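Below is one structure; the comments refer to it alone.
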Number of protein chains: 2
Amino acid sequence: MNQTRQPLPLADACCAPLLRAPLSVGQAASLAGILKALADPTRLRLVSMVAAHDGDEACVCELTDPLGLTQPTISHHLKVLVDAGILSRDKRGKWAYYALVPGALDALSAVLSTSR
Amino acid sequence: MNQTRQPLPLADACCAPLLRAPLSVGQAASLAGILKALADPTRLRLVSMVAAHDGDEACVCELTDPLGLTQPTISHHLKVLVDAGILSRDKRGKWAYYALVPGALDALSAVLSTSR
DNA sequence: TGATCGCATCGACAGCCATCTATGCATGAG
DNA sequence: CTCATGCATAGATGGCTGTCGATGCGATCA
């Protein structure tokens with residue numbers, strides 16, 4: 001739905017002094033974009049299922065049944081997570097394998113932490 | 001708009017093994033609720049402005065002008081953040097002072113971290 | 001080549017949400 | 001008591017979003 005999204009929204013929001021000084025408009029928008037991608041129960045479960053899966057990756061067919069949603073809906077959520085830079089997509093043969101982008105969640109965690 | 005919200009949504013989602021095992025439906029819903037409260041540029045800026053303010057608290061009148069939104073809109077966003085357990089409200093005289101709930105963002109940060 | 005499978009995209013629709021104006025409700029000043 | 005101030009709430013509205021069924025498209029298999 002939003003095709004003109006920046007490839008790595010976290011790049012602008014990363015290391016923002018969330019609790020030191022007021023966020024700029026751009027920083028707030030970037031950070032909100034990533035948080036919005038995660039702020040959905042289905043997408044959170046998708047992330048945790050991918051992360052906990054053997055080999056740290058999973059194809060769509062393995063994610064559809066446990067969530068009780070249709071395949072197009074799962075594909076939609078996965079696309080949102082990929083666009084936000086949280087998951088990566090690797091198509092091999094007929095299957096599309098999704099995996100966590102290393103460091104993506106850690107960067108988000110660091111931004112929200114008050115102790116550093 | 002949602003009056004029947006749990007007082008501390010993070011209590012259920014906290015310490016959830018986001019990256020170890022698939023999230024339960026309840027854990028995902030709780031965590032998504034907190035993330036949804038933060039996943040808005042205006043609310044992110046509000047949080048950072050409150051945290052960076054002298055005394056770590058601020059009243060509504062000090063937050064309205066810099067954001068360029070009307071006072072009812074700011075009050076609405078602040079209510080969302082209070083309901084999510086991120087900010088606290090303390091009414092003293094005619095003014096309502098908002099402050100960060102200690103540890104709220106740190107708990108969220110810990111859930112998202114992959115290193116522990 | 002034709003059939004099947006895995007997945008993405010499209011179009012539609014209902015529900016949610018951010019924002020506004022208008023209004024109510026305390027509190028403090030005079 | 002009366003009025004002004006600071007804030008919350010109510011109601012309305014336009015836009016966004018999660019979900020679906022239908023369909024398209026490449027890869028594999030017979």
Side-chain angles (χ1 to χ4, degrees), chain A residues 1-5 25 28-29 31-47 49-50 53 57-84 86-99, chain B residues 1-5 25 28-29 31-47 49-50 53 57-84 86-99:
Chain A
M1 44 200 66
N2 189 357
Q3 308 295 351
T4 60
R5 193 187 296 235
V25 176
L31 187 50
I34 305 174
L35 289 170
K36 202 167 295 189
L38 273 180
D40 180 276
T42 298
R43 290 198 283 269
L44 281 174
R45 296 185 70 195
L46 280 173
V47 169
M49 288 171 67
V50 167
H53 198 270
E57 64 177 10
C59 65
V60 180
C61 59
E62 295 170 316
L63 300 171
T64 302
D65 289 351
L67 294 178
L69 296 174
T70 62
Q71 173 265 320
T73 299
I74 300 298
S75 275
H76 161 69
H77 285 306
L78 289 170
K79 174 177 171 50
V80 171
L81 290 168
V82 169
D83 287 344
I86 297 169
L87 294 185
S88 63
R89 193 178 96 107
D90 179 27
K91 184 153 191 176
R92 296 199 300 269
K94 295 164 55 175
W95 293 270
Y97 293 90
Y98 288 86
Chain B
M1 45 198 67
N2 188 357
Q3 308 296 352
T4 60
R5 193 188 295 235
V25 175
L31 188 50
I34 304 175
L35 289 171
K36 200 166 296 188
L38 273 179
D40 181 276
T42 298
R43 290 198 284 268
L44 282 173
R45 296 185 71 194
L46 279 173
V47 168
M49 289 172 66
V50 166
H53 198 270
E57 65 177 10
C59 65
V60 179
C61 58
E62 295 170 314
L63 301 170
T64 302
D65 289 352
L67 293 178
L69 296 174
T70 63
Q71 172 265 320
T73 300
I74 301 298
S75 274
H76 160 71
H77 285 307
L78 289 170
K79 173 178 170 52
V80 171
L81 291 168
V82 169
D83 286 345
I86 297 169
L87 293 186
S88 63
R89 192 177 97 105
D90 179 29
K91 182 153 192 178
R92 297 198 299 268
K94 296 165 54 175
W95 293 271
Y97 293 91
Y98 288 84

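The figures here come from the full heavy-atom set of this structure, side chains too, leaving out hydrogens, waters and symmetry mates. Predicted, not measured: the structure shown is a model, and the values here were computed from it. Reminder, nothing fancy here: chain letters follow the sequence lines and each chain counts from 1.
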Is [X] near enough to [N] that one of its side-chain N or O atoms lies under 4.0 angstrom from OP1 or OP2?
| X | N | result |
| --- | --- | --- |
| B:T70 | C:dC20 | yes |
| A:T73 | D:dC20 | yes |
| B:R89 | D:dC7 | no |
| A:Y98 | C:dA8 | yes |

Taking every heavy atom of B:Y98 against every heavy atom of B:V50, the minimum-distance pair comes out as O-CG1, 3.4 Å
Restricting to non-hydrogen atoms, name the atom on A:P66 and the atom on A:R45 that form the minimum distance, rounded to 0.1 Å. O-NH2, 4.2 Å
Nearest-Å distance for atom pair [atom1]/[atom2], residues [X] and [N]:
| X | N | atom1 | atom2 | answer |
| --- | --- | --- | --- | --- |
| B:Y97 | D:dA8 | OH | P | 13 Å |
| B:L78 | C:dC17 | CG | C1' | 16 Å |
| B:D90 | D:dG6 | CG | P | 18 Å |
| A:K79 | D:dT17 | NZ | C1' | 15 Å |
| B:H77 | C:dT19 | NE2 | C1' | 7 Å |
| A:R43 | D:dT19 | CZ | P | 8 Å |
| A:L44 | D:dG18 | CG | C1' | 14 Å |
| A:D83 | D:dG18 | CG | P | 13 Å |

Once you round to the nearest 0.5 Å, how far does [atom1] of [X] lie from [atom2] of [Y]?
| X | Y | atom1 | atom2 | answer |
| --- | --- | --- | --- | --- |
| A:W95 | A:C59 | CH2 | SG | 8.0 Å |
| A:L46 | A:H77 | CG | NE2 | 7.0 Å |
| A:L63 | A:S75 | CG | OG | 9.5 Å |
| B:H76 | B:T70 | NE2 | OG1 | 10.5 Å |
| A:D65 | A:I74 | CG | CD1 | 9.5 Å |
| A:L78 | A:D83 | CG | CG | 11.0 Å |

Does some side-chain heavy atom of A:L44 sit less than 4.5 Å from a side-chain heavy atom of A:L38?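 A:L38 vs A:L44: side chains touch.
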Readout for nucleotides 22-30 of chain C: B = base within 4.0 Å of protein heavy atom, S = sugar-phosphate only, - = neither; 5' to 3' it is B----BS--
Side-chain donor or acceptor of B:R43 paired with backbone N/O of B:K36 under 3.5 Å: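 Side chain of B:R43 to backbone of B:K36, a donor-acceptor pair under 3.5 Å: yes, one is there.
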Residue closer to the 5' end of DNA chain D, B:I74 versus A:T42 (nearest nucleotide):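 The answer here is B:I74.
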Under 4.0 Å, heavy atom to any atom of DNA chain D: which of residues 58-66 of chain B qualify? B:C59, B:V60, B:C61
Look at the side chain of A:H76 and decide which nucleotide, out of C:dA18, D:dT19, D:dT9, has an atom nearest to it. D:dT19
Look at the side chain of A:L69 and decide which nucleotide, out of D:dT19, C:dT19, C:dC17, has an atom nearest to it. D:dT19
